[in-house]
Amino acid sequence: MSNRRTVAVVGATGRLGEHVVRVLAERGHEVVAISRSAGVDIVTGEGLDKALTGVDVVIDTSGTPSADETVATEFFTAAAVNLHAAGARAGVELIVSVSILGIDASTGGYYRAKVAHEKALTAGPLPVRILRAAQFHEFVEPLVSWGRQGDTVRVPLMRTQLVAAAAVAEALVDLAEGPAPEPGAAAPFPEIAGPREENLAEAAELVYAARGEDVTVIEVSEEGTPDRELLENGAFVAGPATVLAGPTLQEWLAQA
């Protein structure tokens, strides 16, 4: 897609969405920012038809703060259905969305909700491209903050390959600029991750050190956590087909 297009960004004010908006603008595309603050609700569909009028491509970066599987599944499936319906009425050519690396074997929680999201998106009438990304650098601090008590932080054992949201945004825009899959074709899910594997506890130590906070990070294996074995055994790190993109977490922290 070499010509200037009109691209709607769902979740335009979020951590990933703001980078997507910037990349699109830098590449000369017209951006339609879709968010609740702009009067558009993708779950109820309110304002969506008007927002997608004249739009060529939708990039969906939306998310829900709830980790509850039922709540998150209801959010994502409703959003997918509404984006397809309103997009079809508006003549949208392609929906591009972001998902999570390594979730195929997920058995519960937020990751399982994202599997349901993928299925709802690919079941709709419009062509869809889905990018699976590793966890973002930007999510380390909020992800581990729940386990903080004073100067001690308990962090679940997790192998990951953290990636910068800005790199994911570039990859999403690349997909938006590329050809849509043929009707009925099962387009592969491209993957992106950071340049090196690390565990969440190490990442937390780097983040807190960069913030100048003297905290003790304790790594714990939590029985009963959905997908605990997947988290601990490397399901969420890069595979042979995964595109690796910098910067590393340390480089990102130095730039922040």
Side-chain angles (χ1 to χ4, degrees), residues 7 9-29 31 33 35 37 59-63 65 96-102 110 114 130-148 151-178 190-219 231 234 236-239 241-256:
V7 183
V9 180
V10 182
T13 58
R15 285 187 177 92
L16 176 58
E18 64 181 10
H19 287 291
V20 172
V21 168
R22 173 185 53 77
V23 174
L24 287 166
E26 289 174 351
R27 297 191 188 183
H29 299 290
V31 178
S35 64
S37 61
I59 299 180
D60 180 14
T61 69
S62 62
V96 175
S97 188
V98 64
S99 190
I100 303 170
L101 185 71
Y110 188 85
K114 285 300 293 183
I130 296 174
L131 174 70
R132 283 183 168 180
Q135 288 73 22
F136 301 164
H137 296 327
E138 288 85 347
F139 287 163
V140 173
E141 192 166 7
L143 187 62
V144 303
S145 62
W146 64 269
R148 181 168 183 173
D151 293 332
T152 301
V153 183
R154 294 172 62 86
V155 177
L157 176 59
M158 178 181 180
R159 292 172 58 192
T160 184
Q161 199 148 339
L162 298 163
V163 65
V168 177
E170 294 276 359
L172 285 171
V173 176
D174 287 345
L175 289 178
E177 292 179 333
E191 300 176 349
I192 186 170
R196 63 181 292 267
E197 181 184 335
E198 50 206 326
N199 65 49
L200 188 59
E202 292 172 345
E205 289 175 343
L206 288 172
V207 169
Y208 284 119
R211 303 284 184 265
E213 296 190 56
D214 185 15
V215 300
T216 299
V217 176
I218 302 173
E219 189 174 55
L231 294 170
F236 299 100
V237 302
T242 307
V243 172
L244 304 184
T248 65
L249 176 60
Q250 287 175 303
E251 291 167 341
W252 179 81
L253 288 168
Q255 296 166 3

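Fair warning: this is a prediction, and the values are worked out from it, not measured in the lab.
- Proximity of Asp214 to Asp151: side-chain heavy atoms (C-beta onward) are nowhere separated by under 4.5 Å.
- Leu131 CG to Leu172 CG: the interatomic distance, rounded to the nearest 0.5 Å, is 5.0 Å.
- At a threshold of 4.0 Å, the pair Arg27-Glu170 counts as salt-bridged, since one of the basic side-chain nitrogens sits closer than that to a carboxylate oxygen.
- Note that CG of Asn199 and CE of Met158 are 10.5 Å apart. Values are rounded to the nearest 0.5 Å.
- Side-chain atoms of His137 come within 3.5 Å of backbone atoms of Pro247 as a donor-acceptor pair (strictly under, hydrogens ignored).
- Considering all non-hydrogen atoms of both residues, Phe236 and Gly102 come closest at CE2-O, 3.8 Å.
- With values rounded to the nearest 0.5 angstrom, Asp60 atom CG is found 10.0 Å from Leu16 atom CG.
- The side chain to side chain contact (heavy atoms under 4.5 Å, CB included) test with Gln161 singles out one residue from Thr242, Leu101, Leu244, and that residue is Leu244.
- A donor-acceptor pair is defined here as one N or O able to donate and one able to accept, closer than 3.5 Å; such a pair exists between the side chain of Thr61 and the backbone of Gly11.
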Using the side-chain contact (heavy atoms from CB on, under 4.5 Å) rule, take Ile100 and Gln135 through it: C-alpha gap first, then chi angles, then the decisive distance, then the call. CA-CA 7 Å; Ile100 303 170; Gln135 288 73 22; 3.9 Å; yes
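- In this structure, Ala245 and Ala167 approach most closely via the heavy-atom pair CB-CB, 3.9 Å.
- Partner of Val20 under the side chain to side chain contact (heavy atoms under 4.5 Å, CB included) criterion, chosen from Val31, Ile59, Val98: Ile59.
- Of all heavy-atom pairs between Pro156 and Trp146, the closest is CD-CZ2, 3.6 Å.
- Shown here for Tyr208 and Arg148, the closest heavy-atom pair between the two residues is CE2-NH1, 3.5 Å.
- Residues Trp252 and Ala164 approach most closely at CD1-CB, 4.3 Å, considering heavy atoms.
- With salt bridges taken as basic N to acidic carboxylate O contacts below 4.0 Å, none links Glu18 and Arg22.
- Smallest separation of non-hydrogen atoms from Pro195 and Leu162: CD-O, 4.4 Å.
- Remark: the backbone N or O of Ala165 is paired with a side-chain donor or acceptor of Glu138 at under 3.5 angstrom.
- In this structure, Gln250 places its CD atom where only 12 or fewer heavy-atom neighbours from other residues, nucleotides or ligands lie under 6.0 Å away.
- Partners of Glu219 according to the side-chain hydrogen bond (donor to acceptor under 3.5 Å, both in side chains) rule, which considers only residues two or more places apart in sequence or in another chain, do not exist here.
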Would Leu253 and Arg211 count as a side-chain contact (heavy atoms from CB on, under 4.5 Å) if you check the C-alpha gap in whole Å, the side-chain angles of each, and the deciding distance to 0.1 Å? CA-CA 9 Å; Leu253 288 168; Arg211 303 284 184 265; 3.8 Å; yes
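- Counting non-hydrogen atoms of other residues, nucleotides and ligands closer than 6.0 Å to CZ of Arg154 gives a total of 12 or fewer.
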